[in-house]
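Some notes on the structure that comes next.
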Amino acid sequence: MTPLRLLPRVLHVAAVLVRYRIDDLIDEAHVMRPLRWLRALLPRPRKQIAARPRGARLRLALTELGPIWVKAGQVLSTRRDLIPEDVADELAHLQDQVPPFPGEVARTIVEESLGKPIGELYASFDEVPLASASIAQVHAARLLPSLPPSPSERGGRSPSAQRWGEGSRSRGAAFGGFGPSPDAARRHEALGQGRQLHPEGEGKFAQPSAARSIGREVVVKVLRPNVARNIAHNLELLDALAGMVERWHPQADKIRPRDMFNEVAKTLHNELNLQNEGANASLLRRNFENSDDLYVPEIFWSHTGEKVLTMERVHGIPADDVVALDKAGIDRRALAAKGVRLFYEQVFRDNFFHADAHPGNIWVDPTRTREPRFIALDFGIMGSLPDEDQYWLAENFIAMFERNYRRIAELHLAAGWMPRHIRVDELEAAIRTVCEPYFTRPLSEISLAEVIAKLFSTARKFELTLQPQLILLQKTLLNVEGLGRQLDPQIDIWSVAQPVLKRIVADRYSARHALREIRKRVPEWLRIAPLIPERIHSALEKLAEGNGPLQFGEREMENLRMLQREIQRRILVAAFGGALLIGAALVYALGQRQSVWLPAVLAIIGFVSFATAWPWKRAKE
């Protein structure tokens, strides 16, 4: 039930959406039917707005609603199972940029969070931010020289000492998803002066003694003041809107507005604790320690807390800046193949993958030309899969590589992604219909991400149910494949991916791996073995007494209690709305006919309240 105190804010959001004429989404999906009532009250849209596609209009509407709504749109762009493909593509272009807050405030937050004066933490701290977004902003800093160099710096593997600015865009620090401020951009070159390539070869650096004496370059990410309260304020409104969609939409069980809200809320709450991002970066760095394919900046935990994240500053070329990569002499063909291999290694070897791998978050180390290396940034959105889904997905990929459509259909059913009543032969025919047109093309022209997206879309007609992480994986594959084709338009994704995946699967599900897993579980099995007879006896006794598993559990009772509370709220709101309608009629009948504003306002509020309480979905059924 939507609280009445939220009604003005709900109406404001509805008015913005209707002003941008999100008609396609309203008419096609029947979302929030009351929005139709506002059309007659608002002016016609400007021609330049009306001419835009629906996804672009929704993107503009979210931008007008504010930064938290922009962040929500960015999160939803990763859930292509919940929103149309064209809308997801537009939401992925949302830019999360807001005016910076004062540097003195950032300094205060750092000192309060880390419990020390700024002078005891950093040799220098630039109060002018490099970039600013809705959740946090980033400042350049230097550590005190007392901190020892990291293992990567001792081995000369870090790209942080590379001089920035030669053939790259205006990106000069380890912060993904942020746009650098003009004042900061003018100073990037100065921060890189005095460093030169090591004469012994690429990827190594000769740092002047002066640079070593003043400490390492870092970036400091600081949460915005009062951001938690602002997010809670907006999440309350989003929760109310999700409830309205759930109540009015005829297919709410398939759209799953609560899942949308939970995804946004989970992501925003995670971003309120910068230690989450730091932990993600540390794990990914450990997975690719000493890798020639991927570099992950170091996190300085002594300078990190819930509101502050201190990370090694790195410099590189955005992965989609083909002109700069060619100017630097980077082997783009080798780089594209490495990008594909990295995706499969993260997903199937490590089960921990970077789920926001757009070019702004993936750079290229400019010092390594013959053996190019990626640099990963922004670790707020990471993905992992349950072990079972990981196995089923790997087998699906292999079956697709081998064009074994029957196997794909059987795997979808065995994985529990579809109900058991679905016929295998019908599903196989549908999969063949999707895949065969693609396999008539040369392999270099086949988009694996596009095939998987079409498969998921077709499978939804067979009541497909997928976990959000699998959809996140699909979006990541789309980004990786798109980047690979930008770097090398002739790349054969299939021939690059198939041997990597087969090797990983053969190792992961080998007899040796199975024995290792059994050895891990033996102590646990030995611990519960003596309890098994007693538990079997107890279960048999409960069945004999009629207290078996068919009794109501706590979850069922809680559902009944929630339904009872929902019915009570609806009755109260309907009664309130009816009373206002009656009051409006009485005021109009007994008052002065010239003054119609008061009864009109009462009637509108009463009608909206009564309509809000009406069970639209059940009425339709």
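One is the number of the first residue; the rest follow in order along the sequence. As the structure is a prediction and not an experimental result, all values here were calculated from the model. FYI, side chains are in, hydrogens and waters are out, and symmetry mates aren't considered; it's all heavy atoms of this structure.
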Using side chain to side chain contact (heavy atoms under 4.5 Å, CB included), reason through R535 and L531 one step at a time and then give a plain yes or no. CA-CA 6 Å; R535 290 183 179 181; L531 304 177; 3.7 Å; yes
Donor-acceptor contact present, side-chain [X] to main-chain [Y], <3.5 Å:
X	Y	result
N280	F379	yes
K338	R333	no
E271	G380	no
N351	S384	no
N276	N270	yes
R423	E426	no

Please test D425 against R406 for side chain to side chain contact (heavy atoms under 4.5 Å, CB included), starting from the C-alpha separation and ending with a verdict. CA-CA 8 Å; D425 57 334; R406 180 81 177 187; 4.2 Å; yes
More than 12 non-hydrogen atoms from neighbouring residues, nucleotides or ligands closer than 6.0 Å to [atom1] on [X], yes or no?
X	atom1	result
H537	NE2	no
R516	CZ	yes
E534	CD	no

What's the shortest heavy-atom distance between [X] and [Y], and which atoms?
X	Y	result
V496	R341	CG1-CG, 4.1 Å
P499	S495	CD-O, 3.0 Å
A336	G484	CB-O, 3.6 Å
R485	I491	NH1-O, 3.3 Å
N361	D356	ND2-O, 2.9 Å
A394	L501	O-CD2, 4.0 Å

Pair R373, D292 - check salt bridge (Lys or Arg N to Asp or Glu O under 4.0 Å), show working. CA-CA 6 Å; R373 176 174 63 175; D292 290 327; 5.9 Å; no
Residue pair R512, D507: steps toward the salt bridge (Lys or Arg N to Asp or Glu O under 4.0 Å) verdict: CA-CA 8 Å; R512 180 179 299 177; D507 179 64; over 6 Å; no
Within the 4.5 Å heavy-atom criterion, are [X] and [Y] side-chain neighbours or not?
X	Y	result
C435	V451	yes
W363	I317	no
V87	R54	yes
L325	L487	yes
E395	R407	yes
I362	I375	no
L235	L238	yes
V505	F397	no

Output the distance between atom [atom1] ([X]) and atom [atom2] ([Y]), rounded to the nearest 0.5 Å.
X	Y	atom1	atom2	result
F353	M382	CZ	CE	8.5 Å
E428	T433	CD	OG1	10.0 Å
D365	I330	CG	CD1	7.5 Å
S282	N287	OG	CG	11.0 Å
I532	W525	CD1	CH2	11.0 Å
I408	M400	CD1	CE	5.0 Å

Would W494 and F401 count as a close aromatic pair, with their ring centres under 6.0 Å?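 Yes: the rings meet the under 6.0 Å criterion.
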Is the distance between the ring centroids of F288 and Y295 less than 6.0 Å?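 Centroid distance F288-Y295: not below 6.0 Å, so no.
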Might you work through the side chain to side chain contact (heavy atoms under 4.5 Å, CB included) test for E277 and D378, ending with a clear yes or no? CA-CA 8 Å; E277 182 175 348; D378 195 352; 3.9 Å; yes
State whether a side-chain donor-acceptor pair under 3.5 Å links N396 with H412.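 Judged by distance alone, the side chains do pair up.
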For E517 and K520, what are the C-alpha separation, side-chain angles and deciding distance, and is it a salt bridge (Lys or Arg N to Asp or Glu O under 4.0 Å)? CA-CA 5 Å; E517 291 299 314; K520 290 180 184 177; 3.4 Å; yes
Are V296 and L294 close enough, and set up right, to give a side chain to side chain contact (heavy atoms under 4.5 Å, CB included), and what steps lead you there? CA-CA 7 Å; V296 180; L294 181 67; 4.2 Å; yes
Only one of E410, E436, R432 clears side-chain hydrogen bond (donor to acceptor under 3.5 Å, both in side chains) with Y405; which?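 One option only clears the test, and that one is E436.
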Do the side chains of R370 and D331 get close enough for a salt bridge, i.e. N-O under 4.0 angstrom?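 So R370 does not pair with D331 through a salt bridge.
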